Novice: 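Just passing along the structure, written as structure tokens.
Just the heavy atoms: all of them, side chains too, but no hydrogens, waters or symmetry mates, feed the values below. Naming: A, B, ... by sequence-line order, numbering from 1 per chain. Keep in mind that this is a model prediction, so the values were computed, not measured.
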Protein chains: 2
Amino acid sequence: MSDNDKSLVSRLRKLIGAGHYHPGERLGEEAVAEQFGVSRTPVRLAFRTLEQEGLLQRAGKRGFMVREFTQADVHCAVEVRGVLEGLAARRLAERGMPQDVAESLGFWIQKGRQLLDKGYLLETDINQWSDINSHFHGSIVGAADSRVVADAISRNNHLPFAAADSIIIDSEDLAREFKKLQLAQFHHELIFQSLKSGEGARAEMLMREHALIGLRYPELLADNP
Amino acid sequence: MSDNDKSLVSRLRKLIGAGHYHPGERLGEEAVAEQFGVSRTPVRLAFRTLEQEGLLQRAGKRGFMVREFTQADVHCAVEVRGVLEGLAARRLAERGMPQDVAESLGFWIQKGRQLLDKGYLLETDINQWSDINSHFHGSIVGAADSRVVADAISRNNHLPFAAADSIIIDSEDLAREFKKLQLAQFHHELIFQSLKSGEGARAEMLMREHALIGLRYPELLADNP
DNA sequence: AGCCTTTACTCTGGATCCAATAACAATGAT
DNA sequence: ATCATTGTTATTGGATCCAGAGTAAAGGCT
């Protein structure tokens, strides 16, 4: 086996997220165990974890099935992330942002500017943006200084389409995607500003709106003038 | 064994919540297995589940320990519930409340009125209130019609002090507790009103404020005039 | 005497085995 | 012919076993 080093849960998570198993498909312990060249025991553990994460659900009285996600589910997951990250941002603003956090956020904003300043988007920029974005969001959540909040966010992020760095980039229309990232970058700067000045409510609302960027903005940014 | 019918996770959950195991205490699989008269296998499954729920955390490289919760954690968990139930309420208000939901909420509000109308509180009323309260909150979350939101809330509620029906009632001062429940009832009625008239933002804010009732209100409701 | 090394033992993770139960199929009765 | 009941099979849950890793303890070396 070549990739036994990665944990079974994360491998399964990836496969499910990638749509390798069809929604509603029933997963047998034996079958998966064999497929991964492993015994049933770790598979049983993994199934329970994936159930908790919401990727699997019990199929009647016996076994598990791949959970089906509707467009509405995607929408809700993003909105849940919005309110939770909004809470984190508000906490941070109300507590006052520590110096090192401000520096870190400033750094990632700077990186974002550098990436977008050239005025267009390349395929290779996408991963970089994803990286910048994760760090920006991660810094805020981390600085909110609450394991409870952080856990709630990370549990929600287990849904593959809910995580902050899961903006779907359409490589066919990099021009539109560029506009989207430009807007996201602008959001980041506004959020940073409000955090610095302790505007809790504003930071929260900006964060909530920012979460929706992948959902509702595409049509507004279309090319047709 | 008398109570083998209840699942191991829920039994452990209860024990941990009740403080039967000390925070930071390390739990050995063997020990717990023996204590419950069961083999190590189900205990291993249970431990992973409890870890996901946030009640246990990994103790270094080996085993699990009971997670410690600070006062700040309690506060955050309640606030997390606030924003999530707030989201549920707003969704419900924006979609328009179906007739059956309105009837159900009205019913529980009526029950609450009946309980409190006599003007004082008895020990025996506490469980009744808890029941009414769970149903009220449950109806709203259920009617929000989103498994993703409902799951996020229920995962947060696994923290024993975060659930909506975990208002700590001080039997020593039933007069103050009566004021608290009266206020909670009033919140319920306001929330109901805003839901009916489709005031999403108001419903959300009321729900968020309502969550805090167990945290910050006690001192305000003290007896000293 | 203190620190490092080595060894022994405990504990967890994975594999296999056994029992219980749910799904399925077949046969018989109404 | 259809439904019910019974028997068979497949699959899951629980128990035990084995191996590997981690921790603690003891002994030796500086």
Novice: Starting at atom CD of A/E34, determine the distance to atom C1' of C/dA15, rounded to an integer number of angstrom.
Specialist: 15 Å
Novice: When you compare the protein's N or O atoms with those of nucleotides 16-20 of chain D, which come within less than 3.5 Å of each other, and at what distance?
Specialist:
none

Novice: When you measure from the side chain of A/D125 to the backbone of A/L122, do you find a donor-acceptor pair of N or O atoms at a distance under 3.5 Å?
Specialist: yes
Novice: To the nearest Å, how far apart are B/F47 CZ and C/dC11 P?
Specialist: 13 Å
Novice: In whole angstrom, what separates B/L45's CG from C/dG14's P?
Specialist: 12 Å
Novice: Among D/dG22, D/dA15, D/dG13, which nucleotide has an atom closest to any side-chain atom of B/K61?
Specialist: D/dG22
Novice: In whole angstrom, give the distance that lies between atom CZ of A/R26 and atom P of D/dA10.
Specialist: 13 Å
Novice: Checking the side chain of B/R67 only, and the main-chain atoms of B/G54 only, is there a donor and an acceptor separated by less than 3.5 Å?
Specialist: yes
Novice: For residues B/D165 and B/H137, is any side-chain donor paired with an opposing acceptor at under 3.5 Å?
Specialist: no
Novice: For A/M65 and C/dA23, what is the distance between atoms CE and P respectively, to the nearest whole Å?
Specialist: 14 Å
Novice: Mind calculating the distance between CD (A/E29) and P (C/dG14) to the nearest angstrom?
Specialist: 14 Å
Novice: Sequence neighbours left out, what pairs pass salt bridge (charged side-chain N to carboxylate O under 4.0 Å, His left out) with at least one residue falling in residues 73-88 of chain A?
Specialist: A/E79-B/R90, A/R81-A/E85
Novice: Give a yes or no on whether B/E30 atom CD has more than 12 heavy-atom contacts from other residues, nucleotides or ligands under 6.0 Å away.
Specialist: no
Novice: To the nearest Å, give me how far apart CD (A/E30) and C1' (D/dT12) are.
Specialist: 10 Å
Novice: Can you check whether B/I109's main-chain N or O pairs, donor with acceptor, with B/Q185's side chain at less than 3.5 Å?
Specialist: yes
Novice: Would you mind reading off the distance between B/L27 atom CG and C/dT12 atom C1', rounded to a whole angstrom?
Specialist: 14 Å
Novice: Mind checking A/G60 for me? I need base, sugar-phosphate or nothing, with any heavy atom below 4.0 Å counting as a touch.
Specialist: nothing
